[in-house]
Amino acid sequence: MVALVDCNNFYASCERLFQPRLLYKPIVVLSNNDGCVVARSDEAKSLGIKMGIPAFQIKDLIDRDRVISFSSNYTLYGDISNRVMQTLSNFSPEVEIYSIDEAFLNFSGIQNLEEYAKSIKTTVKQWIGVPVCVGVAETKTLAKIANRYAKKNFKNLGVWVIDSEQRRIEALKSTDIEDVWGIGNKYSKMLRSFNINTAYDFSQASENWVKTKMSVVGQRTLLELNGVSCLTLELISEPKNNICNSRSFGQPIISFSPLSEAISNHAASCAFKLRKQKSIASFVQVFIMTNRFSKEDGQYINSTTVSLPIGSNDSKTLIKYALVALKKIYKDGFKYKKAGVQVFGIVPENHIQLGLFDSPSNAKSKKVMKLMDDINFSNGKNTLKLAAQGFDRSWRMKNEKLSPCYTTRFKDLLIIDI
DNA sequence: TCTGGGGTCCTAGGACCC
DNA sequence: TCTGGGGTCCTAGGACCC
């Protein structure tokens, strides 16, 4: 048996942790740049605020103070997430951290599943303050369904165990096809056109038909819904094969210099992520784009890739080649809205491939990067950075409603007057 | 005025090898 | 009428997840 623990309205719950007066109030958390709604409290959901809706479309509600909004504070959410995961590790030796707010736990050998799941819910609430729901079943996909079922029908209990054929069918029948893990927008439309409307309908489809229509991925989902486990717990996280860093700008950029600062910062972030997973990359891709929603302004989207002479994770090297790429595609006369850097050809750093005439003299650069990372780790991100990253940051993203970093910054510690 | 960011996996098709 | 058989690697595109 496997359990899925999923935090309720996670970002909204994190914000509420330190502002109890917001309990029972509708609150939303916005995406980067205060763009779209990415998390809603139950009260906000019942006001009809949809996931992903642009913030300006609910401006009235926010202005009239009916809904309280927050910019995303990933430092806070990341820290709370770590605490939740740490707590979960007390309940099972095998925990797969699936996302910032969910984890799968190996439940094999546990006697009273429902009681055990309840104790997880109670403990996380008591130790961390975040409400969670727990779904338990034979496969990961069914555990997801059980979790949803608990959220929908037994919010207070917060736990659902699929441990009988009857319960499995009941849960499948009450799950819409688009709510099945692994079946997204395109597939659910296709399936609905064949009159497959619920998870149960899908579970009755023939394996061959599903494989033809949805490849082995769909076939796995089908089997998992029928209690055949195809997805195992992934306990060790593999190094990333793709690393990308990009942001929209708080305001449009119309000249090269701030754009080059933004690209330098993105390249430095990629380099940092590479160093963190002990990898190097061989290609750097840069992309820039104008505001795709703007009807009046001219549109320009372009990207280009340059290859590094030797694979690297050195910020100086990545910035240097990212700027070479940027110069190739930059054009005057456009209002740029977003830019980013992506790195490819990622391999472990000891797999470095030298050119015929190169000598392996990167010891110095490694030392510098290590020093920089150490200083930034103990003193805060960007304490030490490269000049190309700039000091102006006029391109910086908008986050006007950022909450304090209550748990990670001394000056943001909550003070309580008694 | 204002519309997020970061990933994964799979398949088909083309180019190549012996 | 007839045209081998068995592979690999790479890329683009499409689906999905949070």
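Each chain gets a letter, A, B and so on, in the order its sequence line appears, and its residues count up from 1.
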Paired stretches of DNA chain B - 3 or more consecutive Watson-Crick or G-U pairs, each distance under 3.5 Å:
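Detected stem regions: B:5-18 with C:5-18.
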
A:K213 near the nucleic acid: base, sugar-phosphate alone, or nothing, with a heavy-atom cut-off under 4.0 Å?
nothing

Within less than 4.0 Å of OP1 or OP2 of [N], is there a side-chain N or O belonging to [X]?
{"X": "A:N242", "N": "B:dG6", "value": "no"}
{"X": "A:S248", "N": "B:dT3", "value": "no"}
{"X": "A:K338", "N": "B:dG5", "value": "yes"}
{"X": "A:N241", "N": "B:dG7", "value": "no"}

Rounded to whole angstrom units, what separation is found between the [atom1] atom of [X] and the [atom2] atom of [N]?
{"X": "A:I243", "N": "B:dT8", "atom1": "CD1", "atom2": "C1'", "value": "14 Å"}
{"X": "A:K144", "N": "C:dC16", "atom1": "NZ", "atom2": "P", "value": "15 Å"}
{"X": "A:N8", "N": "C:dC18", "atom1": "CG", "atom2": "C1'", "value": "16 Å"}
{"X": "A:I53", "N": "B:dC2", "atom1": "CD1", "atom2": "C1'", "value": "13 Å"}
{"X": "A:F70", "N": "B:dG4", "atom1": "CZ", "atom2": "P", "value": "21 Å"}
{"X": "A:K335", "N": "B:dC2", "atom1": "NZ", "atom2": "P", "value": "8 Å"}
{"X": "A:M51", "N": "B:dG4", "atom1": "CE", "atom2": "P", "value": "13 Å"}
{"X": "A:R292", "N": "B:dT3", "atom1": "CZ", "atom2": "P", "value": "10 Å"}

Under the rule for side chain to side chain contact (heavy atoms under 4.5 Å, CB included), what residues qualify as partners of [X], not counting sequence neighbours?
{"X": "A:K186", "result": "none"}
{"X": "A:M397", "result": "A:N32, A:N33, A:R247, A:N399"}
{"X": "A:T290", "result": "A:Q299, A:Y300, A:F334, A:Y336"}

A:R168 with A:E138: basic N within carboxylate O range, under 4.0 Å
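Salt bridge absent between A:R168 and A:E138.
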
Which value, rounded to the nearest 0.5 Å, describes the distance between A:E15 atom CD and A:L76 atom CG?
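Reported to 0.5 Å precision, the distance equals 6.0 Å.
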
Checking A:R40 side chain against A:K45 main chain: does a donor-acceptor pair fall under 3.5 Å?
no

Within residues 188-195 of chain A, which residues have any heavy atom lying less than 4.0 Å from an atom of DNA chain C?
none

When you compare the protein's N or O atoms with those of nucleotides 10-13 of chain B, which come within less than 3.5 Å of each other, and at what distance?
{"from": "B:dC10", "atom 1": "OP1", "to": "A:R220", "atom 2": "NH1", "distance (Å)": "3.2"}
{"from": "B:dC10", "atom 1": "OP1", "to": "A:R220", "atom 2": "NH2", "distance (Å)": "2.7"}

Please determine, for the side chain of A:K186, which listed nucleotide (B:dG5, B:dG6, C:dC16) has the closest atom?
C:dC16

Ring geometry between A:Y330 and A:F256 (parallel below 30°, tilted from 30 to 60°, perpendicular above 60°)
perpendicular

Establish, for the pair A:R148 and A:W181, whether the NZ or CZ atom is under 6.0 angstrom from the six-membered ring centre and no further than 45 degrees off its axis.
no

